[in-house]
S.K.: 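Structure in structure tokens, see below.
Please read all numbers here as calculations on a predicted model, not as lab measurements.
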Amino acid sequence: MNILISRTQIILYIAIFAVSSWILIHVLSLLGVFLALAYPIWWFFAPRQTVCLFCRSRANGQICPLCHRVISKTDSMSPKTFFSALFNGGILFAFSLVSIAIVVVESQFLHFLGFPPAKASVSFTIPTANTYRLGEIFPMKLAISGVDVPVNTVQADIAYDPQKLEIVNISTENSFATIFIQKEINNTVGYARLTGGLPNPGFSGKDGLFGTVYFKSKQPGVTDVRFLPTTMVLANDGKGSDVLKNFGTISYLVLPEKISDAEQAQENGKNNVLGASTSGTQMIFYTDEDVLGSKTAAKDSLQVNSSKQSTPGFFDVLGYVDGFIVSVWQKVLHV
């Protein structure tokens, strides 16, 4: 029983020591340098309230190599000279630098493992409201912006009123993506999906075109096209973190004036609506049927789960702490 208790105590002491050391390292990495610089100043104005680290670390009866006095825990253990205070500050400064190095290495290791998940910063570019005529075919670009970290997968899900609009084509021409695995068009329920991406290292431009949806107006009036909560932009961070921060809505006004066949033919030629929709470097894995009103997959309901938030785990929290400390020192060094 005694052996069991002693082993339990040893494990407990090791755990307490590890946690205490981890906390101390992170405190020193953030505040240690400032404390080291302030140490001799604090000693100058309040010497009795300043503790000599060497005196504190020695047992009763031993001699402090800096203060040159016999240690007595009942007496004051403040540095006796300004040199002693400077040396204590230097030791604190050295420990702080080591702590910063440990935190930087820890942060890079966690980032390699995908902790914490990449910050949601990407948005689908919402064009300004536009006006079209009845029967006109017009493009809606699926373009993303705010790409702070490389992304390698995009899934764009959109909903629209099938009484007022229909999709005649989804083009991937000039897309930053090189691999497409899914394209769905359902003009019965008013739903479309385009899924694709590109291999490592992913797309790292600030903004880019993913695809282009070509709508045809069917009824006059105001109509909305919205991105569904199943829309995703996944970071190339090893965890597939969804970095899409919002789901936009685009409004269009369809005038009752009908577009002429000649004008529509001219617009079709300008937009290349029914022309080539892929490049030679793209890999297409979906079955691309006749896109004029095609239904490549049925979608019975547009009710989807809109929750994207997840509770951060321990390593996520640790990654956030390390990232905050590293960002503070980056800002200080840049100043």
Side-chain angles (χ1 to χ4, degrees), residues 105 107-126 139-158 167 169-185 191-214 227-248 272 275-289 291 294 296-297 299 304-305 308-310 312-313 315-316 319-320 322-323 326:
V105 172
S107 175
Q108 292 178 342
F109 179 70
L110 289 172
H111 180 72
F112 174 77
L113 296 178
F115 300 103
K119 181 182 178 182
S121 63
V122 178
S123 298
F124 275 92
T125 303
I126 304 300
M140 186 189 84
K141 293 185 181 298
L142 301 175
I144 60 174
S145 61
V147 182
D148 291 339
V149 296
V151 298
N152 61 5
T153 303
V154 178
Q155 176 175 289
D157 289 352
I158 60 174
I167 295 178
N169 191 14
I170 299 180
S171 171
T172 60
E173 187 176 14
N174 299 322
S175 173
F176 62 79
T178 58
I179 301 172
F180 291 90
I181 60 174
Q182 192 174 15
K183 180 170 79 172
E184 299 182 24
I185 301 174
Y191 167 83
R193 166 179 287 180
L194 181 65
T195 306
L198 64 170
N200 191 59
F203 174 71
S204 57
K206 279 296 180 183
D207 52 69
L209 177 66
F210 176 59
T212 305
V213 180
Y214 288 95
F227 287 94
L228 296 172
T230 48
T231 300
M232 298 180 294
V233 179
L234 305 184
N236 187 40
D237 61 352
K239 291 182 65 178
S241 304
D242 190 357
V243 293
L244 183 64
K245 67 178 182 180
N246 51 31
F247 309 101
N272 196 21
S277 60
T278 61
S279 69
T281 60
Q282 293 178 351
M283 300 175 65
I284 306 298
F285 292 99
Y286 52 77
T287 302
D288 193 1
E289 300 174 359
V291 296
S294 70
T296 57
K299 198 73 175 179
V304 292
N305 182 12
K308 291 178 58 180
Q309 302 298 324
S310 59
F315 290 107
D316 291 326
Y320 285 125
D322 290 347
V326 172

S.K.: Hey, what do you get for CZ (Phe247) to OG (Ser123), rounding to the nearest 0.5 Å?
M.R.: 10.5 Å

S.K.: Is a side-chain donor-acceptor pair under 3.5 Å present for Asn236 with Asn200?
M.R.: yes

S.K.: Working to the nearest 0.5 Å, report the span between CD1 of Ile167 and CD of Glu184.
M.R.: 11.0 Å

S.K.: List the atom of Gly240, the atom of Leu234, and the distance in Å for their closest heavy-atom pair.
M.R.: O-CD2, 3.5 Å

S.K.: At what distance, to the nearest 0.5 angstrom, does CZ of Phe227 lie from CG of Asp157?
M.R.: 10.0 Å

S.K.: Between Asp242 (side chain) and Val233 (backbone), is there a donor-acceptor pair under 3.5 Å?
M.R.: yes

S.K.: State, to 0.1 Å, how close Pro201 and Pro150 come at their nearest heavy-atom pair, and which atoms those are.
M.R.: O-CB, 3.3 Å

S.K.: Nearest 0.5 angstrom please: Thr172 OG1 to Phe210 CZ, how far?
M.R.: 8.5 Å

S.K.: Looking only at non-hydrogen atoms, find the nearest pair between Arg193 and Ile170 and report the distance.
M.R.: O-CD1, 4.4 Å

S.K.: Measuring from Leu209:CG to Leu142:CG, what's the distance to the nearest 0.5 Å?
M.R.: 7.5 Å

S.K.: Which pair of heavy atoms, one from Gly205 and one from Val147, lies closest together, and at what distance?
M.R.: O-CB, 3.0 Å

S.K.: Would you say the side chain of Val154 lies within less than 4.5 Å of the side chain of Phe176, judging by non-hydrogen atoms?
M.R.: yes

S.K.: Specify the closest pair of heavy atoms between Tyr214 and Ser171, including all atoms of both residues, with the distance to one decimal.
M.R.: CE1-CB, 3.9 Å

S.K.: Run the numbers on Val243 and Val151 for side-chain contact (heavy atoms from CB on, under 4.5 Å), then give the verdict.
M.R.: CA-CA 8 Å; Val243 293; Val151 298; 3.9 Å; yes

S.K.: Kindly give the heavy-atom pair with the smallest separation between Gly146 and Ser121, and that separation in Å.
M.R.: O-OG, 2.9 Å

S.K.: Hey, could you give me the CG/CD distance between Leu228 and Gln155, rounded to the nearest 0.5 Å?
M.R.: 10.0 Å

S.K.: Name the one of Leu244, Ile158, Asn246 that satisfies side chain to side chain contact (heavy atoms under 4.5 Å, CB included) with Phe124?
M.R.: Leu244

S.K.: Would you indicate whether the side-chain heavy atoms of Thr125 and Asp207 approach each other to under 4.5 Å?
M.R.: no

